[in-house]
Amino acid sequence: MHFWLVIVSVLFANLTLGDRPAHGIQLSPEIAKMYTAVEMAPPTATQMSICYGFVCRLRFVLAFSAGERAKLTNILAKGKASATAERKAVQEVFVWFDHRVAREVGTNKRVARADFRHLDANHNFDCFDTTRNAVSLLLVLREWGLLRHHTVSDPKYRGNVLVGQTPHNTAVLTERVGGKHWVVDMWTTAFGKVPDVMLLEKWLGEN
């Protein structure tokens with residue numbers, strides 16, 4: 001009897017473990033909160049949710065094909081030599097990403113610094129959207145082991161109406177050696193253009 005109880009227990013454990021979902025991408029508490037705030041699933045190693053339409057009002061799930069993963073791997077390989085080269089490669093990845101998303105959701109005419117005044121929310125991103133999209137894409141690249149010189153840090157916020165600085169937030173990369181923080185900001189550039197990549201300290205002082 002004891003023998004059969006052991007067998008049944010092992011089979012049950014295997015079935016239970018087999019039904020469990022794969023481990024998700026590791027998130028900091030701040031980044032996890034960014035997704036739960038809009039009731040959106042965080043990215044996985046195979047897909048990510050795209051926010052558009054302002055304040056993540058509209059969404060699309062982008063599933064990466066094997067060919068797309070190979071494409072992004074080749075782009076990031078250009079950045080192996082240094083942190084500077086990797087940031088340049090990341091900009092190229094974001095140009096690819098902009099075109100890839102536009103084919104699905106029609107953002108090929110999106111404008112820089114889009115907000116409600118442009119009257120075309122359905123085909124644009126506000127900074128709420130671009131921050132989530134950028135963080136998600138960077139997390140996927142990290143999960144694939146493609147970020148050699150940087151880690152993905154919590155998004156950063158700026159905004160000081162007393163000096164005319166409007167509220168804005170962005171994704172951030174941090175150098176593994178030296179610890180310098182670099183923003184990756186899609187919102188300030190138009191469709192198909194490289195995102196702004198600059199030191200966080202400089203970004204915090206801009207309008």
Side-chain angles (χ1 to χ4, degrees), residues 24-44 46-64 90-91 93-143 152-173 181-198 200 202-207:
I25 290 180
Q26 185 175 2
L27 307 174
S28 71
E30 188 66 25
I31 291 178
K33 186 166 61 176
M34 182 185 76
Y35 293 111
T36 58
V38 293
E39 299 182 339
M40 184 173 79
T44 70
T46 59
Q47 66 182 39
M48 59 173 281
S49 294
I50 305 298
C51 285
Y52 65 109
F54 297 175
V55 200
C56 210
R57 181 175 56 87
L58 302 174
R59 303 176 190 189
F60 166 76
V61 176
L62 172 61
F64 295 97
V90 165
Q91 287 181 305
V93 165
F94 272 82
V95 173
W96 173 90
F97 174 77
D98 215 0
H99 283 86
R100 177 67 180 87
V101 171
R103 294 203 303 269
E104 305 292 346
V105 301
T107 50
N108 58 307
K109 294 183 179 179
R110 72 173 187 86
V111 299
R113 301 175 182 271
D115 60 26
F116 65 92
R117 293 171 294 181
H118 292 91
L119 304 178
D120 190 19
N122 288 356
H123 302 100
N124 271 290
F125 305 129
D126 63 7
C127 69
F128 197 92
D129 299 327
T130 57
T131 298
R132 280 154 182 76
N133 293 342
V135 170
S136 293
L137 181 57
L138 291 171
L139 288 172
V140 171
L141 298 179
R142 187 194 70 184
E143 186 71 7
V152 182
S153 295
D154 293 341
K156 294 299 181 183
Y157 170 85
R158 74 183 186 204
N160 186 346
V161 294
L162 297 179
V163 296
Q165 187 185 59
T166 55
H168 180 35
N169 49 49
T170 188
V172 176
L173 287 173
H181 302 296
W182 297 83
V183 303
V184 181
D185 192 351
M186 289 183 67
W187 182 68
T188 52
T189 57
F191 172 73
K193 304 297 184 182
V194 296
D196 282 333
V197 174
M198 67 181 76
L200 175 61
K202 178 182 178 183
W203 181 86
L204 288 171
E206 294 200 341
N207 289 324

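Note that the structure is predicted; figures quoted are calculated from it, not measured.
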Q. In chain order, what residues pass the side chain to side chain donor-acceptor pair (under 3.5 Å) check against S49, with sequence neighbours excluded?
A. none
Q) Would you call V38 and F128 a side-chain contact if the rule is heavy atoms closer than 4.5 Å? A) yes
Q. Do you know the tightest heavy-atom contact between A190 and D98?
A. O-OD2, 4.0 Å
Q: Please name all residues satisfying salt bridge (Lys or Arg N to Asp or Glu O under 4.0 Å) with E39, sequence neighbours left out, ordered by chain then number.
A: none
Q.
Ignoring hydrogens, what is the shortest heavy-atom contact between T36 and K33? Give both atom names and the distance.
A. OG1-O, 3.1 Å
(Q) Taking the ring of H99 and the ring of F191, is the distance between their centroids below 6.0 Å? (A) yes
(Q) Suppose we screen for salt bridge (Lys or Arg N to Asp or Glu O under 4.0 Å). Which residues come up paired with D120, at least two apart in sequence or across chains? (A) none
Q: Just jot down the side chain to side chain donor-acceptor pair (under 3.5 Å) partners of T107, sequence neighbours excluded, or say none.
A: none
Q. Under the side chain to side chain contact (heavy atoms under 4.5 Å, CB included) test, which residues partner T130, sequence neighbours left out?
A. F125, C127, M186, W187
Q. For R103, what residues pass the side chain to side chain donor-acceptor pair (under 3.5 Å) criterion, not counting sequence neighbours?
A. none
(Q) With a 3.5 Å distance limit and no angle check, can you tell me whether D129 reaches the backbone of C56 through a side-chain donor-acceptor pair? (A) yes
Q) Mind checking what makes side chain to side chain contact (heavy atoms under 4.5 Å, CB included) contact with P155, not counting sequence neighbours? A) I31, M34, T131, V135
Q: Considering non-hydrogen atoms only, spot the tightest contact between R57 and A121 and give its length.
A: NH2-CB, 3.7 Å
**Q.** By side chain to side chain contact (heavy atoms under 4.5 Å, CB included) - contacts of T46 (at least two apart)
**A.** T44
(Q) Under the rule for side chain to side chain donor-acceptor pair (under 3.5 Å), what residues qualify as partners of D126, not counting sequence neighbours? (A) none
Q) Just how far is it from atom NE2 of H168 to atom CG of N207, taken to the nearest 0.5 Å? A) 11.0 Å
Q) What heavy-atom pair brings L139 and Y35 nearest, and what distance separates the two atoms? A) CD1-OH, 3.7 Å
Q: Check whether any side-chain heavy atom of V183 sits under 4.5 Å from a side-chain heavy atom of D196, and report yes or no.
A: no
Q | Atom pair CZ/CG of F97 and L138 - distance to nearest 0.5 Å | A | 9.5 Å
Q) Taking atom CG of N169 and atom CZ of R132, what is their separation to the nearest 0.5 Å? A) 7.0 Å
Q.
Restricting to side chain to side chain contact (heavy atoms under 4.5 Å, CB included), what partner residues turn up for K109, sequence neighbours left out?
A. none
Q: Could I get the full list of salt bridge (Lys or Arg N to Asp or Glu O under 4.0 Å) partners for K193, not counting sequence neighbours?
A: none
Q) Which pair of non-hydrogen atoms, one from N124 and one from A114, has the smallest distance, and what is that distance? A) OD1-CB, 3.6 Å
Q | Partners meeting salt bridge (Lys or Arg N to Asp or Glu O under 4.0 Å) with E104 (sequence neighbours left out) | A | R100
Q: Would you confirm whether S136, through its side chain, and N133, through its main-chain N or O, come within 3.5 Å as a donor-acceptor pair?
A: no
**Q.** Heavy-atom side-chain proximity of L137 to V93 below 4.5 angstrom
**A.** yes
Q: Quick one: pull up CG in D185 and CD in E206 and give me the separation to the nearest 0.5 Å.
A: 9.0 Å
Q: Taking the side chain as every heavy atom from C-beta outward, state whether V111 and R113 have any pair of such atoms under 4.5 Å apart.
A: no
Q: Quick one: closest heavy-atom pair of V105 and H123, and the distance?
A: O-CD2, 4.0 Å
